[in-house]
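Residue numbers begin at 1 in each chain, while the letters A, B, ... track the order of the sequences.
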Amino acid sequence: MRYWLMKTEPGVFGLADLQASPGQTTAWEGVRNYQARNFMQRDMTPGDRVLFYHSNANPSAVVATALVASPAQPDLTALDPNSPYFDPRATPENPRWYMVTVKLDQVLPRPVTLAQMRQVPALLGMLLLQKGMRLSVQPVTPEEFQQVLALGGL
DNA sequence: GCCAACGTTGGC
DNA sequence: GCCAACGTTGGC
């Protein structure tokens, strides 16, 4: 089993939206970065655990955990001209972009903010905390995952 | 709203 | 294949 962190902007799709989704499950559509796509397509397996992170938020924070609920499938929003995630280079034969499905696991009793994580020596190696890091799907170590949970009251 | 850092595009 | 220009991300 692997551990991940997935970013989302609460103004676009936040924890409240995930909670309101059928089965508290959502397709992680709209990722248009190759590295993030490759993590989902190659490395994610159902059952993997996810830190659900609010970016561009006040404050930015890990707010919940989630589970990978399905293997990667083509992200068909890339084929839809009316979608904000439309990519004219995607075709049914080569859909180009992939997504997994994510299911809410536990809401953290206390959100773990970015500022808070920066103060924890054991977390300084997290990709999230590296300068210029904008990858929206990124691996975390089991130790980092556990540490964030502890900070969040789980 | 600003802007640093990054990824992608496209001219050459 | 280089690299300048551009668009995006995301913290502050």
Novice: Can you check the A:Met133 CE to C:dC12 P distance for me, whole Å?
Specialist: 15 Å

Novice: Which nucleotide in the list B:dT9, B:dA5, C:dC12 gets nearest to the side chain of A:Lys131?
Specialist: B:dA5

Novice: Expressed in angstrom and rounded to an integer, what is the separation of A:Leu127 atom CG from C:dG11 atom C1'?
Specialist: 17 Å

Novice: Check every atom of B:dT9, C:dG10, C:dC12 against the side chain of A:Arg89 and return the nucleotide holding the closest atom.
Specialist: B:dT9

Novice: Would you mind reading off the distance between A:Asp87 atom CG and B:dG7 atom C1', rounded to a whole angstrom?
Specialist: 14 Å

Novice: Could you tell me whether the side chain of A:Met40 reaches within less than 4.5 Å of the side chain of A:Met6, counting heavy atoms only?
Specialist: yes

Novice: Using whole Å, report how far OH of A:Tyr34 lies from C1' of B:dG7.
Specialist: 10 Å

Novice: May I have the distance from A:Arg32 (atom CZ) to B:dG7 (atom P), rounded to whole angstrom?
Specialist: 18 Å

Novice: A:Asn33 CG to C:dT9 P: how many Å, rounded?
Specialist: 10 Å

Novice: Determine: side-chain N/O of A:Tyr85 to OP1/OP2 of C:dT8, distance under 4.0 Å, yes or no.
Specialist: no

Novice: Find the distance A:Gln130:CD to C:dG10:P and express it as a whole number of Å.
Specialist: 15 Å

Novice: Between A:Asp105 and A:Arg49 (salt bridge meaning N to carboxylate O under 4.0 Å), is one present in this structure?
Specialist: yes

Novice: In terms of the nearest nucleotide of DNA chain B, which residue is placed more toward the 5' end: A:Gly132 or A:Asn56?
Specialist: A:Asn56

Novice: In terms of ring plane angle, is the pair A:Phe13 and A:Trp28 parallel, tilted or perpendicular, where the classes change at 30° and 60°?
Specialist: perpendicular

Novice: May I have the distance from A:Gln35 (atom CD) to C:dT9 (atom P), rounded to whole angstrom?
Specialist: 15 Å

Novice: Measure from the ring center of A:Phe52 to the ring center of A:Trp4 and say whether it is less than 6.0 Å.
Specialist: no

Novice: Nearest to the A:Ser60 side chain among C:dG11, B:dT8, B:dA5, which nucleotide is it?
Specialist: C:dG11

